[in-house]
Visitor: 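Dumping the structure here so I can ask a few things about it.
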Number of protein chains: 2
Amino acid sequence: MLATLEPDMGLVRAPATRSDAFSRPSLGSTRAYRKDEEIFAEGDDADHFYRVVSGVVRTYKLLSDGRRQIDAFHLPGDIFGAEPHGVHRFTAEAVGDVSLVGYRSRSIEATALDNPALARDVLAATMESLARAQEHMLLLGRKSATEKVATFLLGLAERMTSGGVVDLPMTRIDIADHLGLTIETVSRSLTQLERQGVITLPANRRGVVLKDRAALRRLRA
Amino acid sequence: MLATLEPDMGLVRAPATRSDAFSRPSLGSTRAYRKDEEIFAEGDDADHFYRVVSGVVRTYKLLSDGRRQIDAFHLPGDIFGAEPHGVHRFTAEAVGDVSLVGYRSRSIEATALDNPALARDVLAATMESLARAQEHMLLLGRKSATEKVATFLLGLAERMTSGGVVDLPMTRIDIADHLGLTIETVSRSLTQLERQGVITLPANRRGVVLKDRAALRRLRA
DNA sequence: CGCGAAATTGAGGATACTCAACATCCGTGG
DNA sequence: CCACGGATGTTGAGTATCCTCAATTTCGCG
């Protein structure tokens, strides 16, 4: 589906499903953001959308009283911030130091007709985001705390993997706001998984060693 | 954004943001489905995607033990079922009797290049679904039962509206599985809203009269 | 009019939250 | 290089919200 039209130029490692119009440096410009820096805010004009080169980005929405829901963490290769109505519907921030390529949003409309390859790639990326969102709604609406954490760890492992050890670049607060839990519950769930021998938490707490993926998959529900 | 390229032919009332390549009857074929009939199942080949002509469609995912999350209800004008990987990631069923137009999915890829207008419309529809999904994740992860129900009622009212009275074509089970609640909690929340004078529940229970939208908006969080 | 499905209501309980204390980490500066 | 302090994370006790189980009512349809 949506097969690659041009070869990946290898500037950035991209997931297999992502194609390549994004790899043409001429279309976008790279910029660096520091930890916790805002990339855009909910309500801002959506002049640009972005592809992650390195680092992790969180996108979230807030309720008026401050409750926060992080809808996704965006890893290298991911596209985010493309909007249908010219206004960003969520806020995007750098989790750690981040490098992004920005693309002018007008290209989506203006070049939908004369740059179909780009339009197709944005479509593929958007469909991918939607699929992830649907999976995440299942988690938020119907999974227990332990199931949520197990799902989260396995999902991260699949995307960031480097055998066994998963990096956790985000804080417990971020994880909690992504899974619809509190930080205490996230912490307790991780501790519980460790006591069951399914994972190990290194001293610095910014990573997780998956000791028993089969058990994690069972716990994921 | 994504401005209309061809005039709406008026076959079906579509949201303002939806454009019109879908209104060309030549591209798709209409089919009727009866109440609770399956349109496609999770895992099926995604040969087609669909636009709702009349009626309501639910799309959902299941956990192995039967827990269900309805990610969206699709109303007339909505597009659903377009997939990035040729396989449907959720099941779609008719809530009541439904009429749909089906489009061959290969058109997405095959005609992305030679039918950019169609590709652009699918992109717009997909972005719209993603925006709804993000809003719904906020609801699922961070809202209380009453806030969920208030949000749901107002959302339906905006989309189905016919002054004051909102039709509820779906059962309490469907509503519960959409909001991440149980049917008992949905029922109690509705009763509570009624006791507060914010809504009225007609005898047949398949509709809701919104007596005080301002109050509902406050309760929505 | 009667039956089965859907919805409501109630009582009790479990999961996750709140509030709080404590531990650990990490960067800063002496 | 070590000590300090703020930020981050863990653990505990008590509680609230929502769930489970169950009984009852109401509705829709033959």
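So you know, we letter chains A, B, ... as the sequences are listed, proteins then strands, and number each from 1. A quick note: this is a predicted structure, and the numbers were derived from the prediction, not measured.
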Visitor: Mind calculating the distance between CG (A/Leu201) and P (C/dA23) to the nearest angstrom?
Guide: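 After rounding, the reported distance stands at 19 Å.
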Visitor: Under a 3.5 Å threshold, yes or no: a donor from one side chain and an acceptor from the other, between B/Ser129 and B/Thr126?
Guide: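 Judged by distance alone, the side chains do not pair up.
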Visitor: Can you see if the side chain of A/Arg205 gets near the phosphate of C/dC25 - specifically, an N or O under 4.0 Å from OP1 or OP2?
Guide: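 Answer is no, no contact under 4.0 Å.
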Visitor: Just jot down the salt bridge (Lys or Arg N to Asp or Glu O under 4.0 Å) partners of A/Arg188, sequence neighbours excluded, or say none.
Guide: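 If we apply the salt bridge (Lys or Arg N to Asp or Glu O under 4.0 Å) test to A/Arg188, skipping adjacent residues, there are no hits.
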Visitor: Does any non-hydrogen side-chain atom of A/Met127 lie less than 4.5 Å from one of B/Val122?
Guide: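 Contact flag for B/Val122/A/Met127 side chains = yes.
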Visitor: Rounded to the nearest angstrom, tell me the gap between atom CG in A/Leu190 and atom P in D/dT8.
Guide: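 Result: 17 Å.
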Visitor: Measure the distance from CD on A/Glu147 to C1' on C/dA14 and round it to the nearest whole Å.
Guide: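 The distance from CD of A/Glu147 to C1' of C/dA14 comes to 14 Å, rounded to the nearest Å.
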Visitor: Where along residues 57-68 of chain A does a heavy atom fall under 4.0 Å from DNA chain D?
Guide: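 Those residues: none at all.
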Visitor: Among residues 164-184 of chain B, which residues get a heavy atom nearer than 4.0 Å to DNA chain C?
Guide: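 When residues 164-184 of chain B is checked for heavy atoms under 4.0 Å from DNA chain C, the hits, listed by number, are B/Thr171, B/Arg172, B/Glu184.
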Visitor: In whole angstrom, what separates B/Arg206's CZ from D/dC27's C1'?
Guide: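 Checked: the CZ to C1' distance equals 10 Å.
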Visitor: If you compare every side-chain N and O of A/Ser187 against the phosphate oxygens of D/dT10 (OP1, OP2), does one of them come in below 4.0 Å?
Guide: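 It does, given that an N or O in the side chain of A/Ser187 lies less than 4.0 Å from OP1 or OP2 of D/dT10.
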Visitor: Given atom NZ of B/Lys148 and atom P of D/dT17, what is their separation to the nearest angstrom?
Guide: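 Distance check: B/Lys148 NZ to D/dT17 P gives 14 Å.
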Visitor: Please enumerate all residues that pass side chain to side chain contact (heavy atoms under 4.5 Å, CB included) together with B/Asp47, with sequence neighbours excluded.
Guide: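 Here the qualifying residues are B/Asp45.
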Visitor: Cut-off 3.5 Å, side chains only: do A/Tyr60 and A/Glu93 have a donor facing an acceptor?
Guide: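 Side-chain D/A pair, A/Tyr60 to A/Glu93: present.
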Visitor: Ignoring hydrogens and angles, state whether a donor on the side chain of A/His85 or B/Glu128 is under 3.5 Å from an acceptor on the partner side chain.
Guide: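 Short answer, yes.
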Visitor: Any donor-acceptor pair under 3.5 Å linking the side chain of B/Ser105 with the backbone of B/Ala46?
Guide: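 Such a contact is found between B/Ser105 side chain and B/Ala46 backbone.
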Visitor: For A/Arg188 and C/dT15, give me the distance from atom CZ to atom P, rounded to whole Å.
Guide: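 Interatomic distance, CZ of A/Arg188 to P of C/dT15: 14 Å.
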Visitor: Among residues two or more places apart or on two chains, list those pairs meeting salt bridge (Lys or Arg N to Asp or Glu O under 4.0 Å) that have a residue in residues 173-182 of chain B.
Guide: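 For residues 173-182 of chain B, and leaving out neighbouring residues, the salt bridge (Lys or Arg N to Asp or Glu O under 4.0 Å) pairs sorted by first residue read A/Arg142-B/Asp177, B/Arg58-B/Asp174, B/Arg68-B/Asp174, B/Arg68-B/Asp177.
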Visitor: Between C1' on C/dT8 and CG on B/Asn204, what's the gap in Å once rounded to a whole number?
Guide: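 Computing the B/Asn204:CG to C/dT8:C1' distance gives 15 Å.
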Visitor: Tell me: CZ of A/Arg142 to P of D/dC19, nearest whole Å?
Guide: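 That distance rounds to 7 Å.
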Visitor: By nearest nucleotide on DNA chain C, pick out whichever of B/Thr191 and B/Lys35 is the more 5' one.
Guide: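 Comparing both residues, the 5'-ward one is B/Lys35.
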Visitor: What pairs with A/Glu135 under side-chain hydrogen bond (donor to acceptor under 3.5 Å, both in side chains), at least two apart in sequence or on another chain?
Guide: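 A/Glu135: side-chain hydrogen bond (donor to acceptor under 3.5 Å, both in side chains) contacts with B/Lys61.
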